[in-house]
Amino acid sequence: MPDEAGGPVLDTTLAEWLKAREETRRHLATAGPPLDADWVQLLADLLATERSWQSQYTDLVALGSRDGRFPRSNR
């Protein structure tokens, strides 16, 4: 759902990432070495997409900040 300030709708994206993480967890729990090459490629593609999405989203959020930068994490 969009946030009150008219932000992007993230429910679908979040649901897909959570689903992918659960599928990865299940696969790793049952897979024995060596891991399936096709699955490893799928995971590599998924992680590259996640990095790209995070970078793009961070840049979008930074547009609304006073100094044009995403805030540093407190963790």
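When a residue number appears, it is its place in the shown sequence, counting from 1.
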Please report the interatomic distance [atom1]([X]) to [atom2]([Y]), rounded to the nearest 0.5 Å.
| X | Y | atom1 | atom2 | result |
| --- | --- | --- | --- | --- |
| Glu16 | Glu50 | CD | CD | 13.0 Å |
| Leu43 | His27 | CG | NE2 | 9.0 Å |
| Arg51 | Leu46 | CZ | CG | 10.0 Å |
| Thr30 | Arg25 | OG1 | CZ | 9.5 Å |

Discussion item. Any carboxylate oxygen within less than 4.0 angstrom of a Lys/Arg side-chain nitrogen, looking at Lys19 and Glu22?
Written reply: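 No, no charged N to carboxylate O under 4.0 Å.
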
Worksheet item: Taking it one step at a time, do Gln56 and Ser52 satisfy side-chain hydrogen bond (donor to acceptor under 3.5 Å, both in side chains)?
Response: CA-CA 6 Å; Gln56 291 174 38; Ser52 174; 2.9 Å; yes

Worksheet item: Do Leu28 and Leu47 share a hydrophobic cluster, counting only Ile, Leu, Val, Met, Phe, Trp and Tyr and linking them when any side-chain heavy atoms are less than 4.5 Å apart?
Response: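 Same cluster.
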
Worksheet item: Does any N or O in the side chain of Thr49 come within less than 3.5 Å of the main-chain N or O of Asp45, such that one atom is a donor and the other an acceptor?
Response: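 Pair found, side chain donor or acceptor close to backbone of Asp45.
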
